[in-house]
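Here's the structure, in C-alpha cells; my notes come after.
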Amino acid sequence: MMLEIEELSVSYGAVNALSSVTFSAQPGAITAILGANGAGKTTLLRSISGLVKPRSGSVCFEGEELVGKTVENIARRGVAHVPEGRGIIEELTVEDNLRLATLWCIRRRERQGAIEATFELFPRLSGFRRRHASTLSGGERQMLVIGRALISRPKLLLLDEPSLGLAPLVTAQLMALLREHTDGTDVTVVLVEQNARSALSVSRNAVVLNLGEVVISDTAAAVAADSGLRHHYLGF
Amino acid sequence: MRQQGPPRHSLDNTSWLRRFRLPTQPLLRHLILALCGAGILYLVTSSLSPYNDYEIGEIALYVIALAGLSLLTGMNGQISLGNGAFMAVGAYTMALLMTHTQMNFIVELLAAIGAAAAMGLVIGIPATRLKGPYLAGMTLLFALALPPIADKWSTTFGGDQGLTTTVPNAPGNINPEEWLAWIQIIGALITLVLLANLIQSRFGRSFRAVRDDEIAASVAGIHVGRTKVLAFVISAGCAGLAGGFLGLSTGVVNTGEFPLTLSIQLLAAMVLGGTGSLMGMWWGAVLLVYLSQWSTSLSGYFNLGSGASAYLATIIFGVVLIVVMIAAPTGIQGGLRWTWRRILGLLFRQPAVIHPASGLPDDRVPIYQSDER
C-alpha cells in the first residue's frame, strides 16, 4: 500500500529532467517534493500520473506498475492528479466539473451526495454551483480542482502547487484540510510546493530535488532542521 | 455595480409566463419540445403546396446532418470537412439495398446509419491523433477520395446515372411530397431528441470536457480517445441518415449530389446556425436550402449569365457568413438567445445578483452558450 519510485529517468529530447529518482511515499502521510524551479518536481508528478512517458525506471503503486499505462487508466486506479494552475473544465458548470470525476467511480445514486459533501468542504463553491467554471477566480478554481480530486476518493493524491495564487490564510486552511484528509487514512499524498515552509509543516516526509536528482529523502522534520540544506535548496 | 433593491417593474408571481416551466427531466422536456415542433410542422406542411413540402423535407434532412456536425465540432471540438462524404456513404448504402433487396424501409435507413457510423469509426480512430486544421485536412481528403471510388466501380454504384431510390407508398390519400416530408421530419425530430438527451448526459459532459482540456479530462478519468471516436461515430451516423433522406428527395443517388462543396456548406451552415447548438441547426438548414434558390432568382432579376449565377450562391453564402459572424459571433441561434434574454430582462427586471468572483452583475458574467440554458 505505498508508492515506490525506482530509478525513474525522464528526458525531454536531450534534456534530462529526472535522473534515477528513487523514493517512496507512505499512505496516511503527506510527502513533500521540494526544490527550485526546474528541479523536476512537476515532471515527477506528471510521470506518476502517466502524462509523461519516462525513459526508464518504474513507478509502483499498491504493487502495480504504472509506467506504460494510459492516463485514464491510472486515474481509474485511484490516482488523482491536480495539475499546476489548470485542470478545471472551464466550459462546464462547477457542479458538472465535480460530477465528471464521479462518473466512473461513484454509483449513480450516491453521486449527488458526494457532490454535496464536497460543497460542504468548500462552502464558497456551493454558491455558484450552476455557474460556468470559467467565471471562477484563481483561488476558487484551485478549490474546485482539489474538490474534484477528493470527490473520487483517491488512494493517491498528486498535488502540484496547490497554493498557487491563494491568499496565505487560504493556503493555511488548505494545508490543514489536506492533513485532515490524510492522517489516519490510507490515502497517500504527494505534494509539490514552492512554499517549502508551509509544505514542511504539514508533511511527514520530504524529498528535495535539484536538477532532476534527489538531494535528500528524509523526514520533513529532519529536512527542516538542516539549515545548510534549507539555505541551499529551499531558500529560507 | 448595480444596487440590490426591490425589482422595479416585475410582474407578480402569479403571472402565467413566470409560472410556466418546462419539466427539468431532460427526456420529458425534449419530447414535449419535439411534439410542439411536430404540431407546428404539421400545420405548415398541410397548408402549403407540395413543392414547399418537398423543401421542408430537405430542411429536415439537413437539420439531421448539421446537428451531427454541431455535436462533433461544437461539443467535442473536432472539425470535419468530410460529413458530406458520410452522407454519400449513407445514401449509397440505402440505394444499394433498395436496388438489390426487398428489405423493410426502416431497416434500409438503419443500415445507412450503420454504414456511415462504421465509416466514422474508421476515420475517427486516426482522427484522435490530429487537431484543428490538420483534422480538417484529413477529413477533406476523405471527402475528395470517396466519389472516385463510386466512379471506378460504376457497375456496382451506377456511375453517372447513379442508383434510383423509392419512397414507400404513402398511406391513404396523402400526397407523396407531404409523405416524404413527414418521413424526414420525423427522422429529424427523433435525431434531435436523442442528441439533446445525449448532450445532457454523462457523454455530453465528457464531450465538452475533452474539447475544453484534454489533460484535465484525462486526469479526471475520462477516456479521451474513446470520447472523440464516439463523437465522430455519432456525427457520421447522423450524416448517413441525412444522406439516405437526400437520396429519397432526389430519387437518385449519384456522386454529383455529394460534391466537396456540400461538406464545406454543411460546416458553414453549422457555424451560421450556432456552433454547438441543436435548435440553431434549423436556421442553418433553411439557409442551405433557400440561399441557392434566392441567388438563382436574383441572378435572373439582374440578367446575369449562367456562369455568374453559378457563383452567386457561393458569394451570397460567404457574405451572409461574414455578416452573421460580425453581428452574432455565436451564430443565429446565439444572437436570438441573446436578444430573447434582453427582452426578458426588460420585462421582468430582477434585482441584480452580483457574482462574487468577478464583482460583475450576474447578467454581465460571460456564460458559455449552450442549448440547455
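Every chain is numbered from 1 and lettered A, B, ... according to where its sequence line falls, protein lines coming before strand lines.
With a 6.0 Å radius and a threshold of 12 heavy atoms from other residues, nucleotides or ligands, A:F122 has its CZ atom above the threshold. The environment of CZ in A:R111 is crowded: more than 12 heavy-atom neighbours from other residues, nucleotides or ligands sit within 6.0 Å. Under a cut-off of 6.0 angstrom, the local environment of CD in A:E116 is crowded, with over 12 non-hydrogen atoms contributed by other residues, nucleotides or ligands.
Heavy-atom pairs under 4.5 Å with chain B peak, among A:I151, A:N97, A:V71, A:N73, at A:V71.
Both the backbone and the side chain of A:L100 come within contact range of chain B, judged by heavy atoms closer than 4.5 Å. Only the side chain of A:R99 comes within contact range of chain B, with at least one heavy atom under 4.5 Å from a heavy atom of that chain.
You'll find the side chain of A:R46 reaches within 4.5 Å of the side chain of B:I215, heavy atoms only. Under the 4.5 Å side-chain criterion, counting only non-hydrogen atoms from C-beta, A:T70 is not in contact with B:S218. At a threshold of 4.5 Å between non-hydrogen side-chain atoms, the residues B:D213 and A:E90 do not count as touching.
Within residues 220-228 of chain B, the residues having any heavy atom closer than 4.5 Å to a heavy atom of chain A are B:A220, B:G221, B:I222, B:H223, B:V224, B:G225, listed by residue number. Annotation: residues 170-182 of chain A contacts chain B through no residue [non-hydrogen atoms, separation under 4.5 Å].
Listed here is the closest heavy atom pair of A:E91 and B:R211: OE1-NH2, 2.6 Å. Closest approach of B:D212 to A:I89, counting heavy atoms only: OD2-C, 3.2 Å.
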* **Test log, rule side chain to side chain contact (heavy atoms under 4.5 Å, CB included), inputs B:R205 and A:L92** => CA-CA 7 Å; B:R205 244 172 262 127; A:L92 289 180; 4.0 Å; yes
